A.B. asks: 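Right, I'll just put the structure down here and ask away after.
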Amino acid sequence: MYPGSFDPLTNGHLDIIQRASKVFDMVIVGVLENGNKKPLFTATERLEMIKEVTKDLENVKAEAFSGLLVDFAGQHNASVILKGLRTVADFEYEFQMALLNKALNPNYETMFMMTDSKYSYISSSMVKEVARLKGSLDGLIPYSIIHKIKEKY
């Protein structure tokens, strides 16, 4: 289970998905519908983008969810929660989340995977800012979804 908001999916996210697909029999990309955030893309749009860029990965599927991650993971019989890391700051936050998930359901292990260093500076927030300011998105997000972000701005 690889959860996130993916608003939008970045090359860093895709790097984790592609590498995870080589490690695990099945990777479920869980697209969080968080009522506390105002996403640029709807959950449906985010799912479409993920499905577009992972269509050649037979063991990857994407689904939207709301509520607790451990409940969603349980619905799919997932045993591992995968978290991508870019920086030490990411680790601090994700470590706390891993401990909380373990307290909520001790059956789940959290594994951390570092994104390739060439993507370590990319975040969805930065991508949205670059797009808003009409900058180049080349190298930040998968080429096949660049037009979708440009359409929003």
Side-chain angles (χ1 to χ4, degrees), residues 1-34 37 39-102 104-105 107-131 136-149:
M1 180 71 54
Y2 178 43
S5 56
F6 307 107
D7 186 41
L9 179 83
T10 69
N11 281 340
H13 295 132
L14 183 56
D15 174 59
I16 297 293
I17 293 168
Q18 290 170 330
R19 290 172 39 225
S21 75
K22 295 175 185 173
V23 174
F24 298 102
D25 293 334
M26 173 62 69
V27 177
I28 301 165
V29 181
V31 177
L32 178 63
E33 295 183 77
N34 185 343
K37 288 186 177 182
L40 178 64
F41 293 97
T42 66
T44 301
E45 291 170 322
R46 289 178 276 153
L47 283 170
E48 287 171 0
M49 287 187 282
I50 292 166
K51 289 175 182 178
E52 166 65 27
V53 301
T54 62
K55 63 185 174 198
D56 295 331
L57 301 173
E58 294 180 12
N59 63 334
V60 173
K61 70 178 188 173
E63 278 189 41
F65 77 100
S66 60
L68 293 174
L69 173 59
V70 293
D71 292 340
F72 181 65
Q75 292 167 6
H76 293 281
N77 296 317
S79 58
V80 174
I81 296 170
L82 179 64
K83 295 300 201 125
L85 301 176
R86 295 169 300 157
T87 64
V88 173
D90 284 350
F91 176 74
E92 289 180 19
Y93 173 76
E94 296 297 351
F95 181 69
Q96 286 181 314
M97 291 302 298
L99 292 175
L100 176 60
N101 287 330
K102 192 73 165 170
L104 291 170
N105 189 326
N107 294 321
Y108 295 107
E109 295 297 333
T110 299
M111 298 183 95
F112 299 103
M113 185 179 282
M114 297 297 300
T115 190
D116 189 297
S117 61
K118 66 185 173 187
Y119 305 124
S120 64
Y121 66 95
I122 302 172
S123 70
S124 293
S125 298
M126 290 179 185
V127 167
K128 287 185 275 195
E129 185 68 2
V130 169
S136 173
L137 298 172
D138 292 343
L140 302 178
I141 60 174
Y143 181 77
S144 63
I145 64 171
I146 286 177
H147 70 281
K148 293 183 183 283
I149 294 167

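Sequential numbering from 1 along the given sequence is applied to the chain's residues. What you are looking at is a predicted structure, and each value in this text was computed from that prediction instead of being measured.
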A.B. asks: Can you list every side-chain hydrogen bond (donor to acceptor under 3.5 Å, both in side chains) pair that touches residues 118-128, not counting sequence neighbours?
C.D. replies: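 Sorted result for residues 118-128: Asp7-Lys128.
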
A.B. asks: Identify, with sequence neighbours excluded, every residue that meets ring-ring contact (aromatic ring centres under 6.0 Å, His included) alongside Tyr143.
C.D. replies: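 Once residues adjacent in sequence are excluded, Tyr143 has no partner under the ring-ring contact (aromatic ring centres under 6.0 Å, His included) criterion.
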
A.B. asks: For the OG1 atom of Thr115 and the CG atom of Leu85, what is their distance to the nearest 0.5 Å?
C.D. replies: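 With rounding to 0.5 Å, OG1 (Thr115) is 9.5 Å from CG (Leu85).
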
A.B. asks: How long is the straight-line distance from OG of Ser21 back to CD of Glu58, given to the nearest 0.5 Å?
C.D. replies: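 Output value for this atom pair is 10.5 Å.
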
A.B. asks: What pair of heavy atoms forms the shortest contact from Pro8 to Val127, and how long is it?
C.D. replies: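 Minimum heavy-atom contact is CG-CG1, 3.8 Å.
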
A.B. asks: Just how far is it from atom CD of Glu109 to atom CG of Leu82, taken to the nearest 0.5 Å?
C.D. replies: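 Glu109 CD to Leu82 CG: 13.0 Å, rounded to 0.5 Å.
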
A.B. asks: Taking atom NZ of Lys55 and atom NZ of Lys51, what is their separation to the nearest 0.5 Å?
C.D. replies: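 It is 13.5 Å, given to the nearest 0.5 Å.
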
A.B. asks: Take Leu137 and Val130 through the test side chain to side chain contact (heavy atoms under 4.5 Å, CB included) and record every step on the way to the result.
C.D. replies: CA-CA 7 Å; Leu137 298 172; Val130 169; 3.8 Å; yes

A.B. asks: Keeping the roles fixed (side chain from Lys83, backbone from Met113), state whether a donor-acceptor pair exists under 3.5 Å.
C.D. replies: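 Judged by distance alone, no pair lies under 3.5 Å.
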
A.B. asks: Can you sort out the partners of Phe95 under ring-ring contact (aromatic ring centres under 6.0 Å, His included), two or more places apart, ordered by chain and number?
C.D. replies: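 So Phe95 forms a ring-ring contact (aromatic ring centres under 6.0 Å, His included) with Phe91.
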
A.B. asks: Could you check whether any side-chain heavy atom of Leu14 comes within less than 4.5 Å of a side-chain heavy atom of Thr54, counting everything from C-beta outward?
C.D. replies: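 Leu14 vs Thr54: side chains touch.
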
A.B. asks: Can I get a per-line list of side-chain donor-acceptor pairs under 3.5 Å for residues 66-80, giving both atom names and the distance, sequence neighbours left out?
C.D. replies:
| residue | atom | partner | partner atom | Å |
| --- | --- | --- | --- | --- |
| His76 | NE2 | Glu63 | OE1 | 3.2 |

A.B. asks: Applying ring-ring contact (aromatic ring centres under 6.0 Å, His included), name anything that partners Tyr2, two or more places apart in sequence or on another chain.
C.D. replies: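 Testing Tyr2 for ring-ring contact (aromatic ring centres under 6.0 Å, His included), a comparison that skips the adjacent residues, returns Phe6.
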
A.B. asks: If every non-hydrogen atom of Gly139 is compared with every non-hydrogen atom of Asn11, which pair is closest and at what distance?
C.D. replies: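 Taking Gly139 first and Asn11 second, the nearest heavy atoms are O-ND2, 2.9 Å.
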
A.B. asks: Begin with the C-alpha distance, continue with both residues' side-chain angles, and end with the deciding distance and a verdict on side chain to side chain contact (heavy atoms under 4.5 Å, CB included) for Val31 and Phe65.
C.D. replies: CA-CA 6 Å; Val31 177; Phe65 77 100; 5.8 Å; no

A.B. asks: Considering the options Glu45, Glu48, Arg46, Met49, which one meets the side-chain contact (heavy atoms from CB on, under 4.5 Å) requirement together with Ile145?
C.D. replies: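 One option only clears the test, and that one is Met49.
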
A.B. asks: If you measure from CG on Leu40 to NZ on Lys148, what distance do you get to the nearest 0.5 Å?
C.D. replies: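 Between Leu40 CG and Lys148 NZ, I get 12.5 Å after rounding to 0.5 Å.
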
A.B. asks: For Met111, is the CE atom crowded, meaning more than 12 foreign heavy atoms sit under 6.0 Å from it?
C.D. replies: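 At most 12 heavy atoms, drawn from other residues, nucleotides or ligands, come within 6.0 Å of this atom.
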
A.B. asks: For the CD1 atom of Ile81 and the CG atom of Asn101, what is their distance to the nearest 0.5 Å?
C.D. replies: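 If I round to the nearest 0.5 Å, the distance is 4.5 Å.
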
A.B. asks: If every non-hydrogen atom of Leu140 is compared with every non-hydrogen atom of Ser136, which pair is closest and at what distance?
C.D. replies: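 In this case the closest contact between Leu140 and Ser136 is CD1-O, 3.9 Å.
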
A.B. asks: For Glu129, what residues pass the side-chain contact (heavy atoms from CB on, under 4.5 Å) criterion, not counting sequence neighbours?
C.D. replies: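 Testing Glu129 for side-chain contact (heavy atoms from CB on, under 4.5 Å), a comparison that skips the adjacent residues, returns Arg132, Leu133.
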
A.B. asks: Run the numbers on Leu9 and Ile17 for side chain to side chain contact (heavy atoms under 4.5 Å, CB included), then give the verdict.
C.D. replies: CA-CA 11 Å; Leu9 179 83; Ile17 293 168; 4.1 Å; yes

A.B. asks: For a 4.5 angstrom cut-off between non-hydrogen side-chain atoms, does Ile146 reach Ile141?
C.D. replies: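 With C-beta onward as the side chain, the pair touches.
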
